[in-house]
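For ligands, and for the atoms within them, numbers begin at 1 and follow the listed sequence. Atoms considered below: every heavy atom in the structure, side chains included; atoms not considered: hydrogens, waters and symmetry mates.
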Amino acid sequence: MRAEPQSFDRVLSSMCTPPHPTAREAAEQFLATNPGDPATYPAVAEMEAEVVDALGEIASLSDPHGFVASGGTEANIQAVRAARDRSDARDPNVVAPETVHFSVRKAAEVLGVELRTTPVDDGFRADPAAIDAATDSETALIVGVAGSTEYGRVDPIPALGEVATDAGAMLHVDAAWGGFALPFTDHDWDFDVDAVDTLTIDPHKLGRAAIPAGGLLAREQATVDALAVETPYLESTTQATLTGTRSGAGVASAAAALDELWPEGYRESFERQQALAAWLATELSDLGLDVVEPSLPLVAADIGASAFDALREEGWRVSRTRAGELRVVCMPHVTESMLESFLADVRAVRRSAVPAADD
Ligand SMILES: *Cc1c(COP(=O)(O)O)cnc(C)c1O
């Protein structure tokens, strides 16, 4: 039952990427450690605290609370759970734009809270007026997305903050994917916005750490305390994570990647990826396709179902938005030559799909 993992040569839709070599090494070294039991595995527990501090620095929070999660899904579930449990509402609800990641739907289902989703504006960003209209006295949490999964868009976090403050609700920012790119843009996305209470940021996506390494940050210790349950048979007394035994490999590789890449390595990588995305968007639009301009290194383009299927058949790992657009995520493993050969295939499949149309 041995197999080789797939190569990344044609992977254009994943939000993951091969870990940085140093992160890979650290992951292997800490494979047999469990940060869920810090009294037995103190070295990895210390590294986790360092990772939380570093993630706090990235997200402009000087005294961060939180933990390394198994991913954005766990971080989002725990953010919803903390907000539910800190709220006085009898029947708490969560309000989010329809572009919210499906993990928030899982959170709502698991936690028994109502999720209200609202339409987005023409730029696929949350509309604060629509969010406001969906909010009431039972709203425990508003979720904004900073780097949406389908279009890479950044919601207007300051405006959502005003809505949350007026409603007496908490504000969570989901920057699971975007968090390692946004510091190098001029978006307002992080704890510099006073109303932001919690934030998801995943080292195992743009952070170049090995899977599994997600992150949940909280402005207040009370938010993490709201998640803590007692742990009778462990030496440490409480646990705020959803998972019990956790990946020391994820924690150690996140620590190594952050050490190696923050900030200059991430900046260089972001600038290269963003330039590639902009170039790809231009090339696709020169082919006459409707392209959603990339605000982060993610390009969506309306290419049609048969061309999409033909590209999949060529072995390209591409995916579609709910509206059916082709979606290309320019992760660190994506290079110009990869995109050139992809574009050659796009031209070829379009030629055979619309014979002689543009010759
Ligand atoms: C990927 C992603 C998630 C889920 O994270 P996992 O690590 O896959 O659990 C949540 N939110 C956003 C915006 C994402 O891009």
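Using modelled atom types, one side-chain atom of His333 and one backbone atom of Val11 make a donor-acceptor pair closer than 3.5 Å. Listed for the Glu325 side chain is no donor-acceptor partner under 3.5 Å among the backbone atoms of Ile303.
Salt bridge Arg10/Asp345: present, at least one basic N to carboxylate O contact under 4.0 Å. The pair Glu150-Arg322 counts as a salt bridge, with a side-chain nitrogen and a carboxylate oxygen less than 4.0 angstrom apart.
Atom CG of Leu298 is separated from atom CZ of Arg327 by 5.5 Å, given to the nearest 0.5 angstrom. In this structure, the separation between CZ on Phe180 and CH2 on Trp262 is 8.5 Å, given to the nearest 0.5 Å.
Taking every non-hydrogen atom of Ser103 and a distance limit under 4.0 Å, the qualifying atoms of ligand 1 come out as 10 (C). Numbered from 1 in the order shown, with element, the atoms of ligand 1 that lie under 4.0 Å from a heavy atom of Met15 read 15 (O). Near Lys205, the atoms of ligand 1 lying under 4.0 angstrom from a non-hydrogen atom of the residue are 1 (C), 2 (C), 3 (C), 4 (C), 5 (O), 14 (C), 15 (O). Per-residue contacts place Thr149 under 4.0 angstrom from the following atoms of ligand 1 (heavy atoms of the residue considered): 12 (C), 13 (C), 14 (C), 15 (O). Residue Gly72 approaches ligand 1 through these ligand atoms, each under 4.0 Å from one of its heavy atoms: 4 (C), 5 (O), 6 (P), 7 (O), 9 (O). Residue contact check: Gly71 has heavy atoms under 4.0 Å from atoms 7 (O), 9 (O) of ligand 1. For ligand 1, the atoms sitting less than 4.0 Å from at least one non-hydrogen atom of Asn76 are 10 (C), 11 (N), numbered in the order shown with element in parentheses.
Heavy atoms of Glu74 stay at 4.0 angstrom or farther from ligand 1.
The nearest protein atom to atom 4 (C) of ligand 1, hydrogens excluded, is given as His101 CE1, 3.3 Å; this is a heavy-atom distance.
In terms of polar-atom proximity, Asp202 is counted as a contact of ligand 1, with an N or O under 3.5 Å from an N or O of the ligand.
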